[in-house]
Amino acid sequence: MKAFQPTRQKKASSSSQVKQTSQKKSPTKSAKAWEGRFTEATHALVERFTTSLPIDQRLFEYDIQGSMAHCQTLEKAKVLSKTECQKLIRGLTRVRSELRESQLPFADSDEDIHMAVERRLTELIGPLGGKLHTGRSRNDQVTLDLRLYLRDQLQVLNGQIQAVQSAFVQQANQHINTFLPGYTHLQRAQPVSLAHHFLAYVEMLERDKGRVNDALRRVNVMPLGSGALAGSNYPTDRTFTAKLLNFPALSQNSLDAVSDRDYVVEVLSILSLIMMHLSRLSEELILWSSQEFAFVELPDGFCTGSSMMPQKKNPDVPELIRGKTGRVYGQLVTLLTTLKGLPLSYNRDLQEDKEPLFDAMQTVLDSLTIYAELIQRLTVHHEVLEKAVGSGFLLATELADYLVQEGVPFREAHSIVGRLVQTCIKNKQELRDLSLVNLQAISPRFTKKALTFLTVEGAIDRKAQIGGTARKQVARQVRSWEQRLKKKTSA
Ligand code: ARG
């Protein structure tokens, strides 16, 4: 089935807003499916307070897909006749068309998308609509919908992660020979290639994709047939339902199936990790595009200006992605907190799972989409990088390692070069300004060869182990990523 692309929806503050934002026709008055037990109509405020329709209406494709499979299962179990099943499926198809065209009039009594679909179905096909829910509860229905939604969204998510990876690999391919200071503690440390730096993000994102695929295995479990909590009284073939819906596994305990949302927590934690990675990237883009660094220039279309200061070009997009990271972490904590005190099995609290999930998912997808393009269009200021990599004693370690080659124990070499750096700082010099005489004044172990260690290219290419920044290694990595990313993402 094609992925349903949800649009971000505003949190509705009243049920009338539901109608405005989603469906064009005027609202319908209708009885509640469960009103038989009640003597008084639901309080208007309670109706507004308990509805999840503004949030879960985006699940309608999955809800109808699940209902169709349920009908077929009921037919196979001889609970429905063939004609009844066909009529129900035809009716559901009509409801789906109305929903797709935003033409389904929601009613105040529609507590959620499941009720809205069933009510409309019954309006369209008559009392037969009342047979749809046989042997099913909204409790197994809602978790089915969410699993179907996630199955699609996780594929979309991996596609978007891969798009950002591809943008980085393209940039890396251009910058195997571009060098910049690598930092630790935000202090200049050793030279690295820009390609190596970009590929670091490709690695992080690859692990994120791996986590998505891991989670997908646990999402991809079919809960229908669990009923409200205990199972179903009808002899339904759950394996058949799972086949219809393309699930490789069935839930094995009805209480667990209707009441845990650990798979949603898993997804939220993965979304949080992705945002953590994007937030670190944002921080670097913000620093690097500042006048202080000026390593890169962000494309104008991804920046904004100041309402007061005409000269400003602000990196608002990376700032917002960094900012929204807090929001996604918040959604994770929201759901964990919602779940922590719930006794088995279903509790209405669980309705609060969807808003954090949808919000976090949309935020992450938007952030990834933006970065896929922004990274591709990043301009690198080569002259600034060249200057930066030539200062700050980035080659001090090279000199120490040269002495090690000459037989000096590393600790002693470290201390000799430390003293050299101190002298340079005092004389406002760089290491490359030193002559052999200067070097030998500190240690007689220096020979002419030492001076050949003081090149950035040499420093880069000596890191020739797997994982190092040597050009040969990095070029190999670029080629290998190009190959790996050609393959489609799949679970
Ligand atoms: N809208 C609910 C949810 O999202 C499903 C309804 C279950 N309600 C009930 N009273 N059992 O979880």
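Numbering of ligands and ligand atoms starts at 1, following listing order. Just the heavy atoms: all of them, side chains too, but no hydrogens, waters or symmetry mates, feed the values below.
- Checked against a 3.5 angstrom limit, the closest N/O atoms of Y346 and ligand 1 fall inside it.
- Salt bridge status for K486 with E482: absent, with no side-chain N to carboxylate O gap under 4.0 Å.
- Listed by number with element, the atoms of ligand 1 under 4.0 angstrom from any heavy atom of D112 are 1 (N), 2 (C), 5 (C), 6 (C).
- The pair E284-R280 does not count as a salt bridge, with every side-chain nitrogen at least 4.0 angstrom from each carboxylate oxygen.
- The N/O atoms of S52, backbone and side chain alike, include one that comes under 3.5 Å of an N/O atom in ligand 1.
- Distances below 4.0 Å separate heavy atoms of Q351 from the following atoms of ligand 1: 1 (N), 2 (C), 3 (C), 4 (O), 12 (O).
- When atom types are taken as modelled, the side chain of N347 and the backbone of S345 share a donor-acceptor pair closer than 3.5 angstrom.
- Tested against S67 for a side-chain hydrogen bond (donor to acceptor under 3.5 Å, both in side chains), the candidates E118, R96, Q72, R136 yield a single pass: R136.
- The nearest heavy-atom contact from the protein to atom 11 (N) of ligand 1 is N139 OD1, 2.9 Å.
- Under 4.0 Å is where a charged nitrogen must lie from a carboxylate oxygen, and between R120 and E123 at least one such pair does.
- With a heavy-atom cut-off of 4.0 Å, K354 touches ligand 1 through its side chain alone.
- Separation of the H381 and W288 ring centroids does not fall under the 6.0 Å cut-off.
- Under a 4.0 Å heavy-atom criterion, Q141 is not in contact with ligand 1.
- Protein heavy atom at the shortest distance from atom 9 (C) of ligand 1 is R138 NH2, 3.7 Å.
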